[in-house]
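Take a look at the structure below.
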Amino acid sequence: MDSTQGRIDCDVLVVGGGINGAAIARDAAGRGLRVVLCEKDDLAQHTSSASSKLIHGGLRYLEHYQFGLVRKALVEREVLLRSAPHIMRPLRFVMPHDESGGARPAWLIRAGLFLYDRLARREFLPGSHALDLRSHPAGAPLQARYARGFMYSDGWVDDARLVVLNALDACERGATILTRTRCLAPQRHATHWSATLDGGDSQLRVHARCLVNAAGPWAARFLDAMPDLPGGRALRLIKGSHILVPRLFEHPHAYIFQHPDGRIVFALPYEGAFTLIGTTDVDYQGDPDKVAASPEEVAYLCQLANRYFVRAVTPSDVVWSYAGVRPLVEDAAASAQAATRDFRLETSTAGAPLLSVFGGKITTCRKLAEQAVDWIGPALGKPAPAWTAGACLPGGDVAGQRPDKRGVLEFGAWTAAQAARYPWLPPQLLQRYARAYGTRIDTLLARRDKLADLGQEVVPGLYAAEIAYLVTHEWARCAADILWRRSKLGLHVAPGSASRLDEWLVARQPAPAF
């Protein structure tokens with residue numbers, strides 16, 4: 001990275017620290033490009049931490065004839081699962097068949113699952129099959145009228161950590177990652193872009209040969225603010241809300257439910273003690289910074305759950321809710337649920353190169369980034385081969401470098417080996433560290449051989465050593481970063497824990513600087 005006092009020169013300036021921006025920064029840095037990424041808030045603070053936590057092909061997209069998107073996502077599903085088996089895992093889904101009017105007929109579901117199993121190669125995920133819910137454990141939490149159903153495979157992901165690990169990999173390959181930093185007044189020149197990066201207490205001028213607009217829900221607004229560019233980009237903002245309730249079932253499978261209005265809603269095991277239910281699909285016109293689940297959405301998700309589960313759920317049972325705005329490509333779809341989840345890359349070379357990202361979904365983030373950098377490299381005269389399809393994310397190399405094994409099926413054995421290496425760690429803490437950090441657990445626990453070496457337990461389950469790791473390596477600055485995005489400890493600690501952690505951080509952290 002070239003820099004002078006108060007200015008930094010780079011090949012690529014990425015605006016936006018969600019999954020698309022972080023993945024593009026990672027891919028570009030890995031191809032030898034000088035990269036700066038700036039994000040106005042924390043990494044994954046908005047849409048990318050508000051997903052359904054799924055790595056999936058999108059079974060329901062088949063009925064909208066989006067076969068290309070589904071196939072692309074199914075291919076990427078296994079690539080991603082292999083790249084980070086600590087933060088992702090295979091998950092089996094149970095679809096109870098609703099015999100009532102308005103539900104999809106059994107023959108259509110069977111045909112869809114047959115296609116879903118065969119659109120892309122599956123190396124380790126089992127295929128679909130019919131299910132007798134009267135005898136299968138997944139039938140026990142359901143109302144007795146659901147006697148049969150289907151089971152198929154997809155994957156689960158810790159979405160916020162996926163973003164952080166992409167950013168971490170980018171950083172370790174030479175990228176500069178600036179959080180809480182706004183990109184102000186970008187100006188296009190013949191051979192470069194210039195802008196001010198405002199970190200609040202300090203500012204920095206940046207000259208970049210290429211600008212990447214990965215601002216998510218703000219992508220169209222970011223372009224419209226540039227007077228020299230044609231405006232009028234159309235993004236369809238769709239709000240998706242989720243609720244968390246006390247655990248409704250004990251088994252490890254997830255559910256996919258059909259609603260008479262055509263909606264598909266998931267019920268997922270979450271953080272051991274909870275069930276995650278979502279999502280809604282509602283057109284959104286408000287400020288993406290202020291998105292929240294509405295009382296109507298909460299009631300809707302409770303009502304839908306009550307069509308299936310024996311145990312009734314009411315809004316008073318909801319222990320947490322969250323919402324995110326998905327920036328989808330505007331199309332002719334009449335309903336929000338039918339709007340395409342595919343991405344579009346818009347490029348311009350009328351001056352210094354510009355690439356804008358519209359739409360997309362977490363499952364296709366790596367492919368989106370690969371296609372973006374396939375264009376950026378040649379546009380800058382620096383073509384380089386793609387590389388991420390065969391690479392692990394930080395911490396994901398639990399099976400070493402064996403080409404025939406990438407840790408998906410070996411993660412349990414690897415975790416057991418860590419328990420033998422660190423017998424002084426309480427089992428629950430070891431499991432959380434293994435899932436969050438993978439092989440980077442060795443960095444976290446370096447030169448420590450007893451629990452006291454982790455330092456003060458600032459809030460239950462969170463020790464000073466982990467806080468220091470997150471601040472030093474993962475751009476964490478406040479309690480919300482640590483308790484809700486780098487982990488989900490916020491669900492398990494007592495009220496007031498966040499304030500206590502923020503006070504602890506302020507007392508020990510110097511002010512961030514460029």
Q | Cationic tip of Arg344 above Phe358 ring, under 6.0 Å, 45° of axis | A | yes
Q: Grab the two heavy atoms, one from Leu43 and one from Ala167, that are nearest each other, plus how far apart they are.
A: CD1-CB, 3.8 Å
Q: Can you sort out the partners of Arg366 under salt bridge (Lys or Arg N to Asp or Glu O under 4.0 Å), two or more places apart, ordered by chain and number?
A: Glu76, Glu370
Q: Start with the C-alpha distance between Arg77 and Glu123, add both sets of side-chain angles, then the distance that settles salt bridge (Lys or Arg N to Asp or Glu O under 4.0 Å), and finish with yes or no.
A: CA-CA 11 Å; Arg77 179 183 65 181; Glu123 294 189 24; over 6 Å; no
Q) Quick one: salt bridge (Lys or Arg N to Asp or Glu O under 4.0 Å) partners of Glu271, sequence neighbours excluded? A) none
Q) Are Phe266 and Phe93 close enough that their ring centers fall under 6.0 Å? A) yes
Q: Measure across Ala220 and Leu235 and return the closest heavy-atom pair with its distance rounded to 0.1 Å.
A: N-CD1, 4.0 Å
Q: Could I get the full list of side chain to side chain donor-acceptor pair (under 3.5 Å) partners for Arg161, not counting sequence neighbours?
A: Glu474
**Q.** Sequence neighbours excluded - salt bridge (Lys or Arg N to Asp or Glu O under 4.0 Å) pairs with any residue from residues 44-59
**A.** Lys53-Asp159
Q. Do other residues, nucleotides or ligands put more than 12 heavy atoms under 6.0 Å from Arg118 CZ?
A. yes
Q) Taking the six-membered ring for Trp, are His253 and His251 parallel (under 30°), tilted (30 to 60°) or perpendicular (over 60°)? A) tilted
Q | Contacts of type side chain to side chain donor-acceptor pair (under 3.5 Å), residue Tyr308, not counting sequence neighbours | A | none
Q: Verify whether one side chain among Asp42 and Thr179 offers a donor that lies under 3.5 Å from an acceptor in the other.
A: no
Q) Which heavy atom in Leu13 sits nearest to a heavy atom in Ala208, and how many Å separate them? A) CB-CB, 3.6 Å
Q | Listed partners of Thr275 passing side chain to side chain donor-acceptor pair (under 3.5 Å), at least two apart | A | none
Q. CZ of Phe309 to CG of Leu304: how many Å apart, nearest 0.5 Å?
A. 9.5 Å
Q | Pairing residues for Asp158 by the salt bridge (Lys or Arg N to Asp or Glu O under 4.0 Å) criterion, not counting sequence neighbours | A | none
Q. Between the side chains of Ser153 and Arg92, is a donor N or O closer than 3.5 angstrom to an acceptor N or O?
A. yes
(Q) Please check if the number of heavy atoms outside Phe124 that lie under 6.0 Å from its CZ is greater than 12. (A) yes
(Q) Under the rule for side chain to side chain donor-acceptor pair (under 3.5 Å), what residues qualify as partners of Arg432, not counting sequence neighbours? (A) Glu466
Q.
Using a strict threshold of under 4.0 Å (side-chain N to carboxylate O), is an ion pair present between Asp281 and Arg263?
A. yes
Q) Within 45° of the axis and under 6.0 Å from the centre of the six-membered ring of Phe249, does NZ or CZ of Arg247 qualify? A) no
Q | All side-chain contact (heavy atoms from CB on, under 4.5 Å) counterparts of Arg435, not counting sequence neighbours | A | Arg89, Phe411
Q.
For a quick test of reading the model, state the closest non-hydrogen atom pair linking Ala120 to Val75 and the distance between them.
A. CB-CG2, 3.7 Å
Q: Check each of Ile243, Leu244, Leu268 against Phe274 using the side chain to side chain contact (heavy atoms under 4.5 Å, CB included) test, and report the only one that passes.
A: Leu244
Q.
His259 vs Tyr300, test: ring-ring contact (aromatic ring centres under 6.0 Å, His included). Steps then yes/no.
A. CA-CA 10 Å; His259 200 265; Tyr300 171 87; 5.3 Å; yes
(Q) I'd like to know whether the aromatic ring centres of Tyr146 and Tyr255 sit less than 6.0 Å apart in this structure. (A) no
(Q) Per the salt bridge (Lys or Arg N to Asp or Glu O under 4.0 Å) rule, what does the pair list look like for residues 284-295, sequence neighbours excluded? (A) Lys40-Asp289
Q.
List the residues meeting salt bridge (Lys or Arg N to Asp or Glu O under 4.0 Å) with Arg221, not counting sequence neighbours, and say none if there are none.
A. none
Q.
Can you tell me how far apart SG (Cys171) and CG (Leu37) are? Round to the nearest 0.5 Å.
A. 10.5 Å
**Q.** Set of residues satisfying side-chain contact (heavy atoms from CB on, under 4.5 Å) with respect to Ala50, sequence neighbours excluded
**A.** Tyr322
Q. How close do Glu172 and Arg440 get, heavy atom to heavy atom, and via which atoms?
A. OE2-NH1, 2.8 Å
Q. Do we get Lys72 above Phe343's six-membered ring, with its NZ or CZ under 6.0 Å from the centre and within 45° of the axis?
A. yes
Q.
Assess the residue pair His46 and Trp218 against the criterion (ring-ring contact (aromatic ring centres under 6.0 Å, His included)); give the C-alpha distance rounded to whole Å, side-chain angles, the decisive distance to 0.1 Å, and a yes or no.
A. CA-CA 11 Å; His46 299 287; Trp218 296 269; 5.0 Å; yes
Q. Do His242 and Ser52 get their side chains close enough for a donor-acceptor pair, meaning under 3.5 Å?
A. yes
**Q.** Arg31 bridged to Asp374 by N-O distance under 4.0 Å
**A.** yes
Q) What's the shortest heavy-atom distance between Ala389 and Val79, and which atoms? A) O-CG1, 3.7 Å
